[in-house]
Amino acid sequence: MEKLVSLCKRKGFIFQSSGIYGGINGCWDFGPLGVELKRNLKEHWWYTFVLSRDNMLGLDASIIMDPQVWVASGHVEQFHDVLVDCKECKKRFRQDHLEGEQCPECGGELSEPRAFNSMLSTRMGVSDDSAVEAYLRPETCQAIFVDFKDICSSNRVKIPFGIAQIGKSFRNEVNPRNFIFRSREFEQMEIEFFCREEEEEKWFEQWQQDIWSWYLDIGVKEEKLRWLEHPKETLAHYSKRTVDVEYKFPFGWGELQGLANRGVYDLTQHSKHSGKDLSFFDVLNKERYIPTVIEPSAGADRATLAVLCDAYAEETVKDDLRVVMRFDPKMAPIKAAVLPLVKKHGLAEIADTLEKRLRKKFTTYYDHSGAIGRRYRRQDEIGTPFCICVDHQTKEDETVTIRHRDSMEQDRMPMDEVDAYILKRVSIRDVC
Ligand code: GAP
């Protein structure tokens, strides 16, 4: 984990927020490479679960909602962590994260447990006396329930259908830890899938399969994934059933995403608290009812961390250590680097023109400084799947070499075939 965190900082994937001020706990910034990686992941998710399906709709709702939303959802009442403080070293812990009855840091005596609401709040309004306390949403899904009526009346939807949203969520985590795994500001990718109650099990199983396939599609190794069923006694207040997808991180198994059967809980609560009828008229069955909700809820940061952990590899090549990020080409932040063998003899100009052409189709990088072997290694370290080398033969027959990151093998091909060759292998959508 330490090696990965250091590579992420050194290469500009992820660094701590406000670093020059000492850093703020639980907040992270995605640098130039990290932002591309996370965008690829979110785009892939959106394409898989929204754009390529005919019964899914998207939403991008505001982060701050009417405070009543969080009363209705149960968060004001129930979204608590139970905390204990160490009387010796003064550190604070979540009680459910402790194994013994002593402080895990210094062995000191712990205080009595007390509840602490995990929602982050802010004040909204221009003057002190008119300002009201509002919350930064702790989950994106509530907006989907609150906007349910508007979405249904503005679109022709038939049960079953789903609404998806990607966006920021905030939780005042007691112990943000394990790099971006547990943060105070993070991004969720959530779906609320509305179906008939008698079909809840069928859809739950279907979503289990679809979620699993998505992690494999983005290149996560299957042997590092597992399901965890929540026992009935530990289910969240809204859930009839929850299973988690877990990933084997270097620090142990951790939750990547949940899949919950929320039943009719949320729409019923918001109907009661808002006084608006959120039932649905099912034209096919000529019936009005509150649909049952199956919720696949994923974390974009945790999925990004899983992709980073899975990609990291070290190997010895000719007595030299090679660090290589073996990203699936669809996830790689830079798809192709264009490298002239040498700067002279007009090779740099040809490479520069080629790179400008490719840049319009996918992310590229141009580099002419240093020995070619060193340049290849720099690209390996950031996970670039293809390196195109413009050499002396290019001037004679307009061919270039393509070096493959994982095998380090090189093929020669006509320069005008490079675009299609790479595009086909790196595109999230089917480009053929
Ligand atoms: N709407 C349901 C819901 O929010 P959750 O299990 O609390 O369920 C869903 O959160 C996902 O959001 C988690 O599986 C995880 O991937 C991500 N997540 C939750 N808290 C997080 C945190 N503090 N830091 C990073 N990701 C988090």
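Ligands are counted one by one from 1 in listed order, and the atoms in each one are counted from 1 as well.
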**Student:** Of all the atoms in ligand 1, which lie at a distance below 4.0 Å from a heavy atom belonging to E139?
**Tutor:** 1 (N), 2 (C), 3 (C), 4 (O)
**Student:** Within the 3.5 Å criterion, strictly below it, is a donor on S271 or T268 matched to an acceptor on the partner's side chain?
**Tutor:** no
**Student:** Does either side chain, that of R171 or that of S118, offer a donor lying less than 3.5 Å from an acceptor on the other one?
**Tutor:** no
**Student:** Tell me every residue that passes side-chain contact (heavy atoms from CB on, under 4.5 Å) with V323, counting only those two or more places apart in sequence or in another chain.
**Tutor:** L7, Y312, E314, L321, E381
**Student:** Are E222 and W212 close enough that a side-chain donor and a side-chain acceptor fall under 3.5 Å?
**Tutor:** yes
**Student:** Report yes or no: does D301 have a heavy atom closer than 4.0 Å to ligand 1?
**Tutor:** no
**Student:** Nearest non-hydrogen contact with atom 15 (C) of ligand 1 belongs to which option: R302, R177, E246, R184?
**Tutor:** R302
**Student:** Can you label the angle between the F148 ring and the F280 ring as parallel, tilted or perpendicular, going by 30° and 60°?
**Tutor:** tilted
**Student:** Which residue owns the protein heavy atom closest to atom 14 (O) of ligand 1, what's the atom, and how far is it?
**Tutor:** E255 OE2, 2.5 Å
**Student:** Look at atom 8 (O) of ligand 1 and say which protein heavy atom is nearest, naming residue and atom and giving the distance to 0.1 Å.
**Tutor:** S297 OG, 3.8 Å
**Student:** Mind checking whether A298 has an N or O less than 3.5 Å away from an N or O of ligand 1?
**Tutor:** no
**Student:** When you compare the side chains of H75 and N117, does any donor N or O come within less than 3.5 Å of an acceptor on the partner?
**Tutor:** no
**Student:** Just jot down the ligand 1 atoms closer than 4.0 angstrom to any heavy atom of R262, in number order.
**Tutor:** 1 (N), 2 (C)
**Student:** Using heavy atoms and a threshold below 4.0 Å, how should the contact between L256 and ligand 1 be classified: side chain, backbone, both, or neither?
**Tutor:** backbone
**Student:** Pairing donors with acceptors under 3.5 angstrom, does anything connect the side chains of T292 and E197?
**Tutor:** no
**Student:** For a quick check under 3.5 Å, do N175 and H97 share a side-chain donor-acceptor pair by atom type?
**Tutor:** no
**Student:** Return yes if a side-chain donor-acceptor contact under 3.5 Å exists between Q206 and D210, otherwise no.
**Tutor:** yes
**Student:** Please classify the C141 to ligand 1 contact at 4.0 Å (heavy-atom distances, strictly less than): side chain, backbone, both or neither.
**Tutor:** side chain
**Student:** Sort and list the pairs that fulfil salt bridge (charged side-chain N to carboxylate O under 4.0 Å, His left out) and have at least one residue in residues 136-154, not counting sequence neighbours.
**Tutor:** E139-R262
**Student:** Just heavy atoms, cut-off under 4.0 Å: does Q142 contact ligand 1 by side chain, backbone, both, or neither?
**Tutor:** neither
**Student:** I'd like to check which ligand 1 atoms, numbered from 1 as shown, lie under 4.0 Å from a non-hydrogen atom of G299.
**Tutor:** 16 (O), 17 (C)
**Student:** Can you tell me which residue and heavy atom of the protein come closest to atom 24 (N) of ligand 1, and the distance to 0.1 Å?
**Tutor:** S183 N, 3.0 Å
**Student:** Could you list the atoms of ligand 1 found under 4.0 angstrom from a heavy atom of E295?
**Tutor:** 1 (N), 2 (C)
**Student:** State plainly whether the residues R357 and D419 are in salt-bridge range, i.e. N to O under 4.0 Å.
**Tutor:** yes
**Student:** How close does the nearest protein non-hydrogen atom get to atom 25 (C) of ligand 1, and which residue and atom is it?
**Tutor:** F181 O, 3.1 Å
**Student:** How close does the nearest protein non-hydrogen atom get to atom 18 (N) of ligand 1, and which residue and atom is it?
**Tutor:** F186 CE1, 3.5 Å
**Student:** If the cut-off is 4.0 Å to any non-hydrogen atom of E190, which atoms of ligand 1 fall inside it?
**Tutor:** 1 (N), 2 (C), 3 (C), 4 (O)
**Student:** Quick test: of every protein heavy atom, which one is nearest to atom 5 (P) of ligand 1, and how far off is it to 0.1 Å?
**Tutor:** R171 NH2, 3.9 Å
**Student:** What atoms in ligand 1 come closer than 4.0 Å to a heavy atom of G258?
**Tutor:** 14 (O)
**Student:** Return the option from E185, Q257, Q188 holding the heavy atom at the smallest distance from atom 10 (O) of ligand 1.
**Tutor:** Q188
**Student:** Are F251 and F249 near enough that their ring centres are under 6.0 Å apart?
**Tutor:** yes
